[in-house]
Visitor: 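Following this message is one structure expressed as structure tokens.
Counting starts at 1 for both ligands and their atoms, in listed order. Sequential numbering from 1 along the given sequence is applied to the chain's residues.
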Amino acid sequence: MSYSEAKKKYAALGIDTDAAIEKLRKVPVALHCWQGDDVGGFDQKEKSLSGGIQITGNYLGKATTPAELMQDIDKVVALVPGTVKLNLHACYAIFDEENGGWVDRDKLEPKHFSKWVEFCKARGMGCDFNPTFFGHPMCDPLTLSSPNEDTRKFWVEHGKASVRISQYLADELGQPCVMNIWTGDGYKDIPADRLGPRVRYKESFDEILSEPFDKTKVFPCAESKVFGIGVESYTVGSAEWCLKYAAGRDDCISLMDNGHYHPTEVVSDKISAILAYDKHMALHITRGVRWDSDHVVLFDDETKEICKEIVRCDALDRVFIALDYFDASINRISAWVTGFRNVQKALLFALLQPNDKLKALQDEGRFGELMALQEELKIYPFGDVWGEYCRACGKPEDGEWYPEILKYENDVLSKRGH
Ligand code: RNT
Ligand code: ZN
């Protein structure tokens with residue numbers, strides 16, 4: 001079916017496909033830089049992930065320098081429709097002779113991110129930021145909740161430095177900067193004191209957020225987690241902790257990562273609960289598989305349901321959308337592109353639902369009809385509208401981009417020699 005026929009079919013339901021395409025083109029989605037180098041970053045010689053996250057796979061062509069990572073991000077951006085915002089971790093600081101060389105995480109400054117600012121400016125992109133509380137010798141293994149005051153202070157200083165860097169990114173790029181705080185703090189086995197770490201965690205967050213910043217431009221978040229690898233029994237920043245923390249302040253929002261809940265819980269059901277109270281919230285869109293999170297995002301039911309919730313709640317400007325997955329077992333650029341395109345697909349799919357009609361069916365108690373229509377909408381000619389969206393953005397359609405990945409692997413990635 002061609003686009004014009006698809007357009008007519010949706011129009012019969014009262015949906016303007018052209019308007020949906022125009023709307024989605026402007027919605028920023030944050031692309032996480034860490035898919036390109038297996039969450040390695042550039043600030044530590046001994047790269048070892050800690051904090052309950054793991055990456056598996058050894059596919060050729062990992063980026064090992066800022067220039068390689070930037071080149072790879074450009075390739076991703078060329079292959080995805082929509083508005084891309086970059087999402088950096090503090091461990092991606094760039095040190096060189098001009099900016100005085102290496103410093104530890106507690107001493108990071110905006111200048112260590114000026115190359116990223118240049119990169120984003122040249123591409124008209126905004127940039128989000130994450131302090132990095134893992135993969136560092138000062139994880140004891142706790143960070144912001146450590147009973148060791150030297151450790152805790154070090155990480156608080158890192159958090160404050162990150163606030164200053166986030167402010168710099170927002171000012172330079174003229175777009176809001178979402179600053180997400182996630183730590184892997186927790187214990188493998190049953191703790192004797194659950195309260196102490198959680199009280200220290202609160203103190204540390206308070207100290208970090210005492211650093212001045214413009215609340216209209218910088219949006220600090222607390223990201224919760226249920227457990228991690230090697231941190232199975234107790235997570236300091238649990239769902240309740242993070243919700244309560246964000247609820248208690250006007251300058252911190254909740255970040256929900258859909259890989260961070262018990263397997264039968266769904267973030268699609270949680271979004272409206274937050275939006276009933278808060279102006280803003282943030283998401284890490286990922287895919288959990290059994291006990292693990294961070295698999296490449298697919299065009300699956302939960303991704304669609306999450307996006308439907310954002311759209312139905314008319315909250316495209318209230319929910320900060322970011323991606324979070326890492327796979328080193330397949331071509332990393334293909335992983336990045338597949339996940340980003342799938343989030344775009346899910347958002348477009350959501351924008352093509354007759355939400356008013358569906359809500360009316362619910363409110364009128366016509367549940368049989370509601371189910372029937374929701375099922376029929378699943379096989380509406382969505383693919384034709386998606387194709388039109390890709391064309392409108394000047395980006396490859398399905399079936400056209402994978403050859404580009406193979407060419408890039410052959411011309412660039414395979415020459416990297418690692
Ligand atoms: C880990 C969290 C966190 C990280 C990134 C690298 O489980 O989801 O968001 O993935 O900060
Ligand atoms: Zn996450």
Side-chain angles (χ1 to χ4, degrees), residues 29-44 47-56 63 69 86-93 105 127-136 139 141 143-144 155 158-159 162 165-166 177-186 219-232 234-239 241-242 246 253-263 265 267 270 281-297 302-303 306 319-328 332 335-336 339-340 343:
V29 173
L31 180 78
H32 56 314
C33 74
W34 51 92
Q35 162 59 44
D37 74 330
D38 310 345
V39 208
F42 309 124
D43 75 335
Q44 302 293 307
K47 288 181 191 174
S48 70
L49 268 181
S50 60
I53 48 175
Q54 283 284 330
I55 189 150
T56 49
L69 191 59
L86 188 62
N87 196 1
L88 289 175
H89 245 285
C91 60
Y92 291 83
R105 289 192 191 159
C127 190
D128 290 341
F129 196 71
N130 305 256
T132 311
F133 296 101
F134 53 80
H136 188 281
C139 302
T143 63
L144 294 176
W155 289 112
H158 176 53
S162 296
I165 294 161
S166 300
C177 177
V178 176
M179 190 194 94
N180 178 44
I181 302 182
W182 173 76
T183 77
D185 284 22
F219 293 86
C221 313
E223 180 182 10
S224 68
K225 193 162 179 174
V226 64
F227 80 98
I229 301 166
V231 197
E232 286 87 0
Y234 168 74
T235 296
V236 182
S238 58
W241 190 98
C242 290
I253 66 177
S254 298
L255 186 144
M256 294 186 158
D257 177 311
N258 60 301
H260 288 187
Y261 296 86
H262 289 285
E265 281 187 83
V267 163
K270 300 175 190 295
M281 67 174 296
L283 293 178
H284 270 182
I285 302 189
T286 187
R287 177 166 52 104
V289 176
R290 302 190 190 281
W291 47 267
D292 198 14
S293 65
D294 301 318
H295 286 247
V296 177
V297 174
E302 178 55 4
T303 308
I306 286 173
V319 179
F320 296 113
I321 305 170
L323 309 186
D324 184 16
Y325 48 81
F326 24 99
D327 191 336
R332 291 175 186 77
W336 241 334
F340 195 96
V343 171

Visitor: What are the distances between nitrogen or oxygen atoms of ligand 1 and protein nitrogen or oxygen atoms, counting only those under 3.5 Å?
Guide:
unit_1   : atom_1 : unit_2 : atom_2 : d
ligand 1 : 7 (O)  : Lys225 : NZ     : 2.7
ligand 1 : 7 (O)  : His260 : NE2    : 2.9
ligand 1 : 8 (O)  : Glu223 : OE2    : 3.0
ligand 1 : 8 (O)  : Asp257 : OD2    : 2.9
ligand 1 : 8 (O)  : His260 : NE2    : 3.0
ligand 1 : 8 (O)  : Asp324 : OD2    : 2.8
ligand 1 : 9 (O)  : Glu223 : OE1    : 2.8
ligand 1 : 9 (O)  : Glu223 : OE2    : 3.1
ligand 1 : 9 (O)  : His284 : ND1    : 3.2
ligand 1 : 9 (O)  : Asp324 : OD2    : 3.0
ligand 1 : 10 (O) : Asp324 : OD1    : 3.0
ligand 1 : 10 (O) : Asp324 : OD2    : 2.8
ligand 1 : 11 (O) : His89  : NE2    : 2.7

Visitor: Spell out the protein N/O/S atoms under 2.8 Å from the Zn ion (ligand 2) as residue plus atom name.
Guide: Glu223 OE2, Asp257 OD2, His284 ND1, Asp324 OD2
Visitor: Go through the steps to decide whether Asp324 and Thr286 satisfy the test side chain to side chain donor-acceptor pair (under 3.5 Å), and finish with yes or no.
Guide: CA-CA 5 Å; Asp324 184 16; Thr286 187; 5.6 Å; no
Visitor: Angle between ring planes, Phe219 versus Phe320, binned at 30° and 60°: parallel, tilted or perpendicular?
Guide: tilted
Visitor: Considering residues at least two apart in sequence or located in another chain, which fulfil the salt bridge (charged side-chain N to carboxylate O under 4.0 Å, His left out) criterion with Glu265?
Guide: Lys270
Visitor: For the pair Phe42 and Tyr92, name the ring-plane relationship: parallel under 30°, tilted 30 to 60°, perpendicular over 60°.
Guide: perpendicular
Visitor: Within this structure, what is the CG-CD1 distance for the pair Leu144 and Ile181, rounded to the nearest 0.5 Å?
Guide: 7.0 Å
Visitor: With ring pair (Phe, Tyr, Trp, His ring centres under 6.0 Å) as the criterion, how do Trp155 and His136 come out once you've worked through the C-alpha distance, each side chain's angles and the decisive distance to 0.1 Å?
Guide: CA-CA 11 Å; Trp155 289 112; His136 188 281; 5.2 Å; yes
Visitor: Could you go through the side chain to side chain contact (heavy atoms under 4.5 Å, CB included) check for Asn130 and Trp182 one step at a time?
Guide: CA-CA 8 Å; Asn130 305 256; Trp182 173 76; over 6 Å; no
Visitor: According to salt bridge (charged side-chain N to carboxylate O under 4.0 Å, His left out), who are the partners of Asp327, at least two apart in sequence or on a separate chain?
Guide: none
Visitor: Are side-chain heavy atoms of Glu232 and Trp291 found at a separation under 4.5 Å?
Guide: no
